[in-house]
Enquirer: 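Please see the structure below; I have some questions.
Everything numeric in this text was worked out from a predicted model, so none of it was measured. Within every chain, numbering begins at 1; the chains are lettered A, B, ... in the order of the sequence lines, protein sequences first and strands thereafter.
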There are 2 protein chains.
Amino acid sequence: MIGISDPRMAGRFMGAQDGAMPSVLLMRLEHAAALGPCDRAALAAAVSTFERVPARSVLVQEADRPRTGYAIVEGFACHYRQGRDGKRQITALLLPGDLYDPQASILGGADYGVATLTGCLVAAIGAPALERLKLEHPRIARALTWALLTEASTAREWIVGLGTRPAGKRFAHLICELQARLQAVGLASETRYRLPLTWEDLADTLGISLVHMNRVAQELRDTGLIIFRDKILTIEDPARLRVFADFNPAYLHLTPPAA
Amino acid sequence: MIGISDPRMAGRFMGAQDGAMPSVLLMRLEHAAALGPCDRAALAAAVSTFERVPARSVLVQEADRPRTGYAIVEGFACHYRQGRDGKRQITALLLPGDLYDPQASILGGADYGVATLTGCLVAAIGAPALERLKLEHPRIARALTWALLTEASTAREWIVGLGTRPAGKRFAHLICELQARLQAVGLASETRYRLPLTWEDLADTLGISLVHMNRVAQELRDTGLIIFRDKILTIEDPARLRVFADFNPAYLHLTPPAA
DNA sequence: CGATGATTTGACACCCCTCAAACAAAGTGG
DNA sequence: CCACTTTGTTTGAGGGGTGTCAAATCATCG
């Protein structure tokens with residue numbers, strides 16, 4: 001695996017991609033609170049570098065004490081823990097607009113790894129810049145807290161899925177979740193999005209074996225709920241899929257609170 | 001179920017229990033950061049009422065917008081979600097010293113329920129008092145953030161357990177986790193603590209059926225790892241249990257960070 | 001002493017895992 | 001351009017972990 005701290009990579013894409021990050025990150029954060037032009041400018045300015053990271057690279061090592069925050073601009077990444085027996089469990093998927101906040105440094109070291117699953121375009125924000133951002137822009141601070149709480153809420157929903165739903169419904173539920181989250185940043189329609197993960201990644205997310213993952217996916221195809229070809233996922237019957245998966249998007253908190 | 005908002009309950013125990021909460025809550029929060037005498041006094045003063053709540057009472061309804069924070073002083077409570085089919089999945093256990101922070105109100109409504117599992121003594125802290133506490137006492141604010149991050153980290157560890165560990169190791173892991181967390185607030189020795197939950201509560205926590213829960217527990221007893229009688233859990237061989245469960249307490253972040 | 005809730009045990013079915021192997025696609029080097 | 005490797009996908013067979021159904025036992029309590 002290649003770490004993104006490789007100096008040959010750093011900063012290579014500054015300028016060219018300058019506008020891309022704010023777009024997708026802002027789309028996400030503005031689900032939490034309206035941001036002013038000043039907030040947006042500060043956010044864009046806080047990004048130190050854009051980096052292109054190959055698939056399956058480690059962004060944050062388990063037991064690291066990271067000094068940089070990351071925002072995913074393009075591609076899929078994940079939080080994971082690796083067991084002694086080599087089994088990997090993915091504990092969260094990071095989509096474009098999601099961020100990894102080294103606020104975790106309060107804890108005295110990351111207790112999980114962060115890695116890319118596909119090639120990613122990543123915006124790096126230094127911890128000090130992030131702290132300043134929070135102090136000087138309360139609306140951004142609020143939005144970041146919202147993001148953290150939403151992550152926790154999503155983790156709880158995954159616990160519910162792993163604890164109570166059979167593999168098929170679990171996959172269906174994940175498909176619904178990704179549709180909602182990707183649509184929130186403009187990367188999915190009601191019925192279609194790009195899902196560039198391998199069966200193995202999905203299996204490690206759903207807590208099932210690769211073999212069973214394949215069978216479960218076929219079942220969803222055979223029952224006419226989805227089509228999945230060339231990494232493009234098409235939902236054939238959204239309403240029926242949501243019922244089947246027992247999906248209720250409330251836990252994603254994608255609609256801005258009244259306050 | 002009886003809600004604690006019942007006026008006959010409110011405030012009944014003020015004074016008598018006045019010192020109990022700070023003790024256990026402070027023991028927990030001081031794992032995050034040292035607190036000054038001023039912080040402690042402010043924390044104690046912020047508690048509006050102590051309430052005795054019977055077992056199986058709902059503290060926060062799913063879809064509520066709670067205006068009160070709770071700190072558990074005695075007893076066990078939980079976060080949970082209930083599926084359409086009636087299956088309950090417990091997503092977090094709240095032990096003495098743990099708190100439920102209505103900070104979740106940023107999200108515009110709770111997305112899960114909070115309920116007592118045993119009879120509990122609960123300290124209620126109004127949302128405004130909590131906000132003031134955070135503003136005027138940065139060390140408390142930091143400690144509360146630490147608590148939130150630790151909860152998220154624990155949720156991730158539960159995902160790992162549900163996704164990768166068989167039921168027996170999952171139970172063993174939970175036993176280790178509870179030992180560490182209870183010891184941190186003075187309610188467990190290295191080998192012994194009170195675990196006042198029913199098999200059903202534990203089954204709903206581990207994501208297995210009540211019947212299987214029973215078998216798995218017997219297995220741990222038969223292999224000489226634990227004794228569990230009269231709600232008292234005794235760990236016969238802590239080292240062997242931790243190896244069996246693949247338990248690494250790092251995710252609990254119970255040792256204060258250097259910073 | 002009957003009612004209720006908690007624990008225990010047995011039988012059987014099914015979900016899902018493991019092992020194994022075949023197959024496809026994409027890169028790599030000769 | 002073709003062997004060859006690597007990575008990802010698909011399929012089959014068999015076994016084990018768990019769920020469900022059913023019923024017995026036990027404890028607590030009014």
Side-chain angles (χ1 to χ4, degrees), chain A residues 1 54-57 76 83 85-90 115-119 161-173 194-223 226-233 244, chain B residues 1 54-57 76 83 85-89 116-119 161-174 194-223 226-233 244-245:
Chain A
M1 307 235 191
R56 287 163 212 301
S57 312
F76 282 41
D85 52 2
K87 265 185 197 163
R88 173 184 66 160
Q89 175 67 44
I90 291 176
T116 60
L117 294 171
T118 71
L162 286 163
T164 68
R165 282 190 270 265
K169 290 175 192 277
R170 224 139 79 208
F171 184 35
H173 196 275
R194 191 172 143 72
L195 179 62
L197 304 183
T198 66
W199 285 151
E200 188 166 11
D201 294 331
L202 288 168
D204 288 352
T205 302
L206 299 175
I208 62 182
S209 69
L210 192 163
V211 172
H212 199 55
M213 181 69 231
N214 187 34
R215 289 193 230 277
V216 152
Q218 276 188 21
E219 189 189 321
L220 289 195
R221 274 187 301 207
D222 293 346
T223 50
I226 63 166
I227 301 172
F228 190 30
R229 229 179 31 224
D230 298 327
K231 305 292 184 192
I232 303 290
L233 192 139
F244 175 70
Chain B
M1 309 236 191
R56 287 162 214 300
S57 313
F76 283 40
D85 52 2
K87 264 185 200 162
R88 172 183 68 161
Q89 175 67 42
T116 60
L117 294 172
T118 72
L162 286 163
T164 67
R165 283 190 270 264
K169 290 175 191 276
R170 224 139 78 206
F171 184 35
H173 196 275
L174 182 65
R194 190 172 143 71
L195 179 61
L197 304 183
T198 66
W199 285 152
E200 189 166 10
D201 294 331
L202 288 168
D204 288 352
T205 302
L206 298 175
I208 62 181
S209 69
L210 193 163
V211 172
H212 199 53
M213 180 69 231
N214 188 34
R215 290 193 229 278
V216 151
Q218 276 187 21
E219 190 189 319
L220 289 195
R221 275 187 302 209
D222 294 345
T223 49
I226 62 166
I227 300 173
F228 190 29
R229 230 178 31 223
D230 299 326
K231 305 291 185 193
I232 303 290
L233 193 138
F244 175 71

Enquirer: C/dA6 C1' sits how many Å from B/Leu117 CG, rounded?
Expert: 15 Å
Enquirer: Could you check how far CZ of B/Phe228 sits from C1' of C/dT7, rounded to whole Å?
Expert: 11 Å
Enquirer: So, using salt bridge (charged side-chain N to carboxylate O under 4.0 Å, His left out) as the criterion, who are the partners of B/Arg170 when residues are at least two apart?
Expert: none
Enquirer: Indicate, with a heavy-atom threshold strictly under 4.0 Å, whether B/Arg221 touches base, sugar-phosphate, or nothing.
Expert: sugar-phosphate
Enquirer: Tell me the interatomic distance from B/Arg165, atom CZ, to D/dT18, atom P, rounded to whole angstroms.
Expert: 13 Å
Enquirer: Quick one: does A/Asp204's side chain get under 4.5 Å of A/Gln89's, heavy atoms only?
Expert: no
Enquirer: Expressed as a whole number of angstroms, how long is the span from B/Met213:CE to C/dA6:P?
Expert: 15 Å
Enquirer: side-chain contact (heavy atoms from CB on, under 4.5 Å) for A/Phe244 and A/Leu220? Distances and angles first, verdict last.
Expert: CA-CA 10 Å; A/Phe244 175 70; A/Leu220 289 195; 3.7 Å; yes
Enquirer: Using 4.0 Å as the upper bound for N to carboxylate O, is an ion pair formed by B/Arg88 and B/Asp201?
Expert: yes
Enquirer: Quick one: is A/Asn214 getting a side-chain N or O under 4.0 Å of the D/dT9 phosphate, OP1 or OP2?
Expert: no
Enquirer: When you compare the side chain of A/Arg221 with that of A/Ile226, does any pair of heavy atoms fall below 4.5 Å?
Expert: yes
Enquirer: Please state how far atom CG in B/Asp222 lies from atom C1' in C/dT8, giving the value in whole angstrom units.
Expert: 13 Å
Enquirer: Mind calculating the distance between NE2 (A/His212) and P (D/dG15) to the nearest angstrom?
Expert: 19 Å
Enquirer: Separation of A/Glu219 atom CD from C/dC14 atom P, in whole Å?
Expert: 14 Å
Enquirer: Would a distance-only check, ignoring hydrogens and angles, find a side-chain to backbone donor-acceptor pair under 3.5 Å from A/Thr164 to A/Gly161?
Expert: no
Enquirer: Taking only N and O in the side chain of B/Arg215, is any of them less than 4.0 Å away from OP1 or OP2 of C/dA11?
Expert: no
Enquirer: Does OP1 or OP2 of D/dG8 have a side-chain N or O of A/Lys231 closer than 4.0 Å?
Expert: no
Enquirer: Mind calculating the distance between CZ (B/Arg229) and P (D/dA27) to the nearest angstrom?
Expert: 13 Å
Enquirer: Is there a residue in residues 198-210 of chain A whose heavy atoms reach under 4.0 Å of DNA chain C, and which residues are they?
Expert: A/Gly207, A/Ile208, A/Ser209
Enquirer: With a 4.0 Å cut-off on heavy atoms, is A/Val211 in touch with a base, just the backbone sugar-phosphate, or nothing at all?
Expert: base
